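Following: one structure in structure tokens, then a few remarks.
Note on naming: letters A, B, ... go to the chains in the order of the sequence lines (proteins, then strands), and numbering restarts at 1 for each one. Just so it is clear, the structure is predicted and the values come from calculations on it, not from any experiment. As a basis for the values below, the full set of heavy atoms in this structure was taken, side chains included, without hydrogen atoms, waters or symmetry mates.
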Amino acid sequence: MSEQAVTAQSEDFSRWYNEIVYRADLAAPSPVRGCVIIKPYGYEIWEGIKGGLDRRFKATGHQNAYFPLFIPESYIKREAQHVEGFSPELAVVTHAGGKELEEPLVVRPTSETVIGEAFSDWIQSYRDLPLLINQWSNVVRWELRTRPFLRTAEFLWQEGHTAHATHDEAEEETLQMLDIYADFAVKDAAIPVIKGEKSRMERFAGAVRTYTIEAMMRDRRALQSGTSHNLGQNFAKAFDIRYLAENNEQAYCWTTSWGLSTRMVGAVVMTHGDDKGLRLPPKLAPYQAVIVPIYRKDDQKPLVMETVNRLEKQIGAAGIRVHVDRREGQSPGFKFNDWEMRGVPVRIEIGPKDVQNNNAVLARRDVPRREGKQFVSQDGIADALDALLNAIQANLLADARAFRDRHISDVGAYDEMRQVVEGGDWARAWWNGSDEDELAVKDETGATIRCFPFEQPGGTGYCVKTGQPAQKVALFARAY
RNA sequence: CGGGGCGUGGCGCAGCCCGGUAGCGCGCACGGUUUGGGUCCGUGAGGUCCCCGGUUCGAAUCCGGGCGCCCCGACCA
């Protein structure tokens, strides 16, 4: 067999990550630098993410639509901060149909501009508001340094765009969508996240306020996993999104945008994975259970397979995503390791003994070796499996939460913060600094302000950098 | 964009210094063996040695130029 074990996380986390992504068959390298091919197993995880989010979007009144991939270059330039933020990483089409284009077309890095232009047509009256639109799409940002899922030149995401009559409604929407992201992350992806507001420096180009959910990866680096922006009237003014109010006066809309991308796949990998490979939360796992049939001689095979086929139907009928590993020529031991690497939450072993005793072995991925194995009766196996999957889902979340909480410290003095952050942990500290102070912290410690958490200790303190009185604590960490 | 590394069957690599029949492991195909934690044996298929030019009787190997990729950092919604 090839190199058997993957590189240990503790040895080289980034190498571990790359190996897992390729060996677990989530993705493959692409011919184009910075892009990846998302393979079926990885894409199914994304489909799980899409499903979980889309359901929540619809439940809160949003509708899906689709806008063009190409954006006239002039659109991008209409909002000053927006163009400044994005121009370094734009891919631009200058030729098409064998001719130079009159106006270059930008491959969308995000769609505030095209959608803003559309909104200005669609919205006439306060009766047209709120307008709640989402699109599932690909976007391109020409990043210099890329990593599969975490940052690729092209990635898949959803971007929500909404328009409202008042600032307060827009703010409410912005926060609601952040809550939806957090709810999804916690309940479906089993990733505990910290909700908070971004600093001025980390704000989306063109936003008035940016909110984020931040997650801690297994190497303790922070990953911004979803963002929600209150755009104020910046884009409304740039794209003339106005409505006629009840009092017959024209007013600019207040808009929002919010996005979550295939980066979430990377978050799942890096939050739950261990030295044996992936550990997928049952809600997002393409296969929630895999049956490995075991037979010694050919004459045992029909008997075992008969039971396996029956259980496959039984389990599938209960709405559990089950897969039978029918590969010939691989030993059960090989298959055990293979599915562990690929993160399947539960492995079901069926051998001659089980056929005879009317039972099956359930082995949970989140508990190693023997302790994770149990015998269950074939009757009612679906119920047992269902309970086990719920337990695993809960355990992964609890695990990740405990890990995260162990690695966040409250600090008072700058030296203390530096020590915590340089050791790889996160630091929570009072903050009242300027943009320059924030840059200096990054320079001196490698950490950035991930967010000002919504959950604040209350009261006031002294800024970790300036020593001045401060109203809020910030979360500092090294980030992806 | 700065620093480092690398381009040789599908993947991972050796060979290069010191020029002379292109090799190993894995994977793949076939046969047998095995199967409750990464079986073993045999047979076989598969290569423009990144590209261009030069030196030479002869270049994967030496020289010149080019291209590409990866890693670290900087940058980054």
Side-chain angles (χ1 to χ4, degrees), chain A residues 1-7 12-15 17-19 22-23 25 28-35 81-82 84-90 108-112 139-148 150-153 155 157 159 198-199 201-207 210-212 223-229 257-261 263 276-277 292-301 304 325 327-341 347-357 359-361 363 368-370 372-373 375 439 442-443 446 448 450 478-480:
Chain A
M1 302 293 113
S2 62
E3 334 87 277
Q4 305 203 326
V6 292
T7 301
D12 185 342
F13 192 86
S14 140
R15 194 167 157 198
Y17 178 79
N18 280 323
E19 280 181 23
Y22 294 127
R23 287 179 59 184
D25 232 16
S30 93
V32 179
R33 191 203 71 89
C35 298
Q81 287 173 298
H82 194 65
E84 194 192 324
F86 279 105
S87 25
E89 50 193 75
L90 296 180
R108 65 177 162 223
T110 179
S111 304
E112 276 75 8
V139 288
V140 169
R141 298 178 187 178
W142 216 256
E143 303 285 357
L144 296 173
R145 179 131 151 69
T146 59
R147 298 157 161 278
L150 299 180
R151 177 174 288 105
T152 45
F155 57 94
W157 76 344
E159 47 179 323
K198 283 289 183 192
S199 69
M201 302 220 56
E202 301 270 329
R203 206 176 273 159
F204 175 76
T210 287
Y211 299 108
T212 177
L223 187 73
Q224 175 179 300
S225 308
T227 46
S228 186
H229 317 290
S257 70
W258 24 278
L260 186 147
S261 73
R263 173 179 262 199
K276 304 207 74 167
V292 177
I294 298 160
Y295 36 85
R296 190 172 289 274
K297 297 190 189 82
D298 266 351
D299 58 313
Q300 289 178 334
K301 186 178 166 184
V304 168
D325 189 345
R327 285 178 292 179
E328 300 283 347
Q330 264 95 1
S331 67
F334 176 88
K335 291 178 178 177
F336 293 173
N337 283 286
D338 194 41
W339 292 113
E340 272 170 10
M341 201 249 304
R347 177 181 72 246
I348 305 172
E349 303 171 17
I350 308 283
K353 283 183 243 166
D354 306 300
V355 172
Q356 196 170 13
N357 302 332
N359 61 22
V361 176
R369 293 274 162 177
R370 195 125 270 166
K373 285 199 186 188
F375 287 90
L439 273 175
K442 185 176 184 187
D443 243 32
T448 49
R450 300 321 303 156
R478 291 178 171 175
Y480 276 101

Distances under 3.5 Å only, N/O to N/O: pair up the protein atoms with those of nucleotides 42-48 of chain B.
none

Taking the six-membered ring of A:W157, is NZ or CZ of A:R141 closer than 6.0 Å to its centre and within 45° of its axis?
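That pair qualifies as a cation-pi contact.
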d([atom1], [X]; [atom2], [N]) in whole Å:
| X | N | atom1 | atom2 | result |
| --- | --- | --- | --- | --- |
| A:R147 | B:rC75 | CZ | C1' | 14 Å |
| A:E84 | B:rA77 | CD | P | 10 Å |
| A:R478 | B:rG73 | CZ | C1' | 12 Å |

Writing each nucleotide of RNA chain B 5' to 3' as (, ), [, ], | or . by Watson-Crick or G-U pairing under 3.5 Å yields ((((((((.[[[[.)....(..]]]].(((((.......))))).....[[[[[..)....]]]]])))))))....
Between [X] and [N], is there a side-chain N or O to OP1/OP2 distance below 4.0 Å?
| X | N | answer |
| --- | --- | --- |
| A:S14 | B:rC71 | no |
| A:R141 | B:rC76 | no |
| A:N18 | B:rC71 | yes |
| A:K442 | B:rC75 | yes |

Pair of N/O donor and acceptor under 3.5 Å linking [N] base with [X] side chain:
| X | N | answer |
| --- | --- | --- |
| A:R151 | B:rC76 | yes |
| A:R347 | B:rG37 | yes |
| A:E202 | B:rA77 | no |

Considering only NZ, NE, NH1 and NH2 on the basic side and carboxylate oxygens on the acidic side, decide whether A:E349 and A:R347 come within less than 4.0 Å.
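Salt bridge flag = yes for A:R347 with A:E349.
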How would you label the contact of A:H82 with the nucleic acid (heavy atoms, under 4.0 Å): base, sugar-phosphate, or nothing?
nothing
Return yes if a side-chain donor-acceptor contact under 3.5 Å exists between A:T110 and A:R108, otherwise no.
no
Pairing donors with acceptors under 3.5 angstrom, does anything connect the side chains of A:H229 and A:T210?
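The answer is yes; a qualifying pair exists.
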Under 3.5 Å, which protein N or O atoms sit close to an N or O of nucleotides 34-36 of chain B? Give each pair with its distance.
residue	atom	partner	partner atom	Å
B:rU35	OP1	A:R296	NH1	2.5
B:rG36	O6	A:P352	N	3.2
B:rG36	O6	A:K353	N	2.9
B:rG36	O6	A:D354	OD2	3.4
B:rG36	N1	A:D354	OD2	2.4
B:rG36	N2	A:E349	OE1	3.3
B:rG36	N2	A:D354	OD2	3.2

Where the side chain of A:K335 meets the backbone of A:R327, is there a donor-acceptor pair that is under 3.5 Å apart?
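A pair under 3.5 Å: yes.
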